[in-house]
Amino acid sequence: MNPTLSQKFIQLIADYTGLHIREQDYDNLCNKIFLRIKLLKLSSPEQYYQLLESQDKTSKDEWEKFIILLTVTETYFFRDQGQLGLLKNVILPKIIKSKIASNEKKIKIWSAGCSTGEEAYSLAIMVQELIPDWQEWNILILGTDINEVVLAKAKEGVYSHWSFRLINKQIQNKYFYEFQGEWQLDEQVKEIVKFENINLVQDNFPNYTDLILCRNVFIYFEAKHISLVMKKFYKSLKKGGYLITAHAELYGQAISQFQVKIFPESLVYQRSEDGEYENNLADSLPILAEKTIPIKKSLKSSFTNSRYESKISSDSGIGNDTKKQILFDLNRKNNQNQKDEITREINQKNSNLQLSQSENLLLEAAELFAAKAYTDAIKKAEKFLSLNPKNFRVYKLLAQLYANIGKYEPATFYCNQAIEINASSVEPYYLLVNIAEEQGDIEGAKIFLKRIIYLLPQEIPAYIELGSLYAAEKNIIRAKKMKNIALELLRKLPANYLIEYKGGIKVSQLIEYLEAGA
């Protein structure tokens with residue numbers, strides 16, 4: 001297929017579904033197009049393009065079949081324990097409490113992009129666990145997807161063992177029963193769940209929703225269509241309603257309509273009660289005056305090729321840094337250290353056993369990374385990933401590799417995947433800070449830094465970096481607040497303690513620098 005026609009297909013798909021076809025997926029897309037051409041017995045790709053573009057009933061029917069080939073359907077029950085724990089322990093209890101207080105026993109939750117239904121049913125189980133008299137409530141869990149095939153499976157409520165890989169066995173036995181080698185969902189759960197086909201770009205949305213989950217959907221969307229859907233989500237929510245997406249999916253997006261709530265497990269977006277937005281995140285940062293900060297290497301994080309890299313001598317003063325320049329080199333692990341880290345992890349796992357073929361691939365990728373052969377390293381790492389799809393280290397490595405060659409979209413995608421596996425790690429967030437700033441998204445960078453601070457309240461570099469961003473915006477009050485928190489944390493450490501940045505810097509030197517910049 002010629003490049004011009006390929007681009008026309010890509011744009012048509014984006015306009016109809018919101019899906020963005022990445023450069024590395026072009027060949028796969030062409031294969032899917034030619035598969036449909038063959039099945040329809042058409043003469044050319046041009047004829048298939050015209051069919052999709054025609055916007056008649058035949059076109060709509062074909063889109064339903066084509067979308068099945070385009071969409072990703074991997075999911076399982078209680079996916080992302082951190083976010084679902086936040087829902088169970090904080091968000092849903094708040095919603096339930098407010099409903100009881102207003103004498104309105106009615107809850108409406110929407111799982112957008114629900115795939116085969118595991119997320120929607122997980123929410124239904126959670127609600128029934130939290131509300132003892134749930135039968136007396138009007139509860140609707142709405143699951144929607146653009147893919148008719150996965151919706152048909154969702155409506156059946158029958159799942160294989162693989163869908164239960166993270167579920168508590170007691171919950172599984174309480175709400176499912178085994179039938180012919182698979183697991184059938186209890187009818188009492190199914191009765192509060194409804195599934196519908198909704199195209200997030202094209203269709204109208206339900207109204208008066210208390211909570212929307214739209215996770216691992218936007219990572220496949222074009223930015224302009226994310227913006228469109230976010231506006232529609234805002235209108236769909238009740239005042240005070242909540243939206244949760246997968247980690248890092250909304251960086252670079254204008255989300256000023258929403259109040260952004262930061263929790264250790266996730267960011268949460270809330271429609272304000274009065275429809276107005278007030279950004280008070282910086283004022284809600286943790287107060288640390290009474291905390292004892294342990295001396296440990298949590299002050300280190302991985303952040304490759306930071307634009308804020310600065311040369312620091314451990315034997316002399318700080319130097320002639322300007323106020324705008326960041327003191328720290330957030331890239332505290334160079335390429336060689338990344339290779340050594342992967343080598344240690346694999347050696348610890350295998351002890352004296354011979355390395356597997358896939359582990360050799362990861363080691364080779366790390367060696368190529370250390371040698372700055374990024375393109376070749378990506379090929380090795382992605383091959384390893386095809387054999388080991390749930391490996392935090394390789395997701396983080398791929399994110400760093402793509403960031404190093406300036407391909408921020410796949411870098412963000414892999415950061416998001418790494419965070420899903422280990423939501424408590426700050427390393428992917430540091431890389432997201434860098435990507436956001438490189439793209440001029442200062443608001444996004446600030447949100448990621450605040451996320452790091454909530455994960456690690458003692459993470460001094462995050463406070464200093466956040467303060468520098470406020471200072472660049474002439475927000476002197478918040479800049480000073482961040483600096484004072486950093487100083488407070490530093491004064492709890494020994495003066496000669498060496499913070500391991502690229503070259504190393506003593507606590508006393510850092511305090512001197514920050515005080516001089518007052």
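Small disclaimer: the values here were computed from a predicted structure and weren't measured. Keep in mind that the numbers below use all heavy atoms, side chains included, and drop hydrogens, waters and symmetry copies. Residue numbers start at 1 and run along the sequence shown.
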query: Backbone N or O of T116 within a donor-acceptor pair of the Y159 side chain at under 3.5 Å?
result: yes

- prompt: So E459 and Y429, side-chain hydrogen bond (donor to acceptor under 3.5 Å, both in side chains) or not? Walk me through it.
  reply: CA-CA 12 Å; E459 186 73 352; Y429 286 105; over 6 Å; no

field: Qualifying residue, where the test is side-chain hydrogen bond (donor to acceptor under 3.5 Å, both in side chains) with S266 and the options are R215, R451, Q83, K261
entry: Q83

field: Check: E465 main-chain N/O paired with S468 side-chain donor or acceptor under 3.5 Å
entry: yes

- prompt: Do we get K153 above F195's six-membered ring, with its NZ or CZ under 6.0 Å from the centre and within 45° of the axis?
  reply: no

query: How far apart are the C-alpha atoms of S272 and Q259, what are their side-chain angles, what is the distance that settles it, and do they pass the side-chain hydrogen bond (donor to acceptor under 3.5 Å, both in side chains) test?
result: CA-CA 6 Å; S272 58; Q259 290 182 325; 5.2 Å; no

message: Quick one, I13 and W63 - any side-chain contact, counting heavy atoms below 4.5 Å?
response: yes

message: Is any side-chain heavy atom of I485 closer than 4.5 Å to one of I453?
response: no

- request: Report yes if the side chains of F205 and V229 come closer than 4.5 Å at any heavy-atom pair, otherwise no.
  value: yes

message: Can you confirm whether R478 sits close enough to K446 that some side-chain heavy atom of one is under 4.5 Å from a side-chain heavy atom of the other?
response: no

field: Test salt bridge (charged side-chain N to carboxylate O under 4.0 Å, His left out) applied to E62 and K65, step by step
entry: CA-CA 5 Å; E62 177 53 31; K65 297 179 178 65; 5.4 Å; no

task: Determine, step by step, whether F66 and F9 satisfy the ring pair (Phe, Tyr, Trp, His ring centres under 6.0 Å) criterion, reporting the C-alpha distance in whole Å, the side-chain angles of both residues, the deciding distance to 0.1 Å, and the verdict.
output: CA-CA 12 Å; F66 190 37; F9 268 110; 7.3 Å; no

message: Could you check whether any side-chain heavy atom of Y269 comes within less than 4.5 Å of a side-chain heavy atom of F233, counting everything from C-beta outward?
response: no

- prompt: Hey, are the side chains of L401 and L368 touching, using non-hydrogen atoms and a 4.5 Å cut-off?
  reply: no

S111 side chain vs L213 backbone, donor-acceptor pair below 3.5 Å: no

query: Taking atom CG of N204 as the centre, does the number of heavy atoms from other residues, nucleotides or ligands within less than 6.0 Å exceed 12?
result: no

message: Within a 6.0 Å radius of atom NZ on K8, are there more than 12 heavy atoms belonging to other residues, nucleotides or ligands?
response: no

query: Under 6.0 Å from the NZ atom of K379, do we count more than 12 heavy atoms belonging to anything else shown?
result: no

message: Just to verify, which of K396, E382, Q400 counts as forming a side-chain hydrogen bond (donor to acceptor under 3.5 Å, both in side chains) with Y414?
response: E382

From CA spacing to verdict: salt bridge (charged side-chain N to carboxylate O under 4.0 Å, His left out), R79, E420: CA-CA 9 Å; R79 183 176 185 177; E420 184 173 324; 2.5 Å; yes

message: Counting C-beta onward and ignoring hydrogens, is there a side-chain heavy-atom pair between K380 and V394 closer than 4.5 Å?
response: no

query: Taking C-beta and beyond as the side chain, do E222 and Q11 meet within less than 4.5 Å on heavy atoms?
result: yes

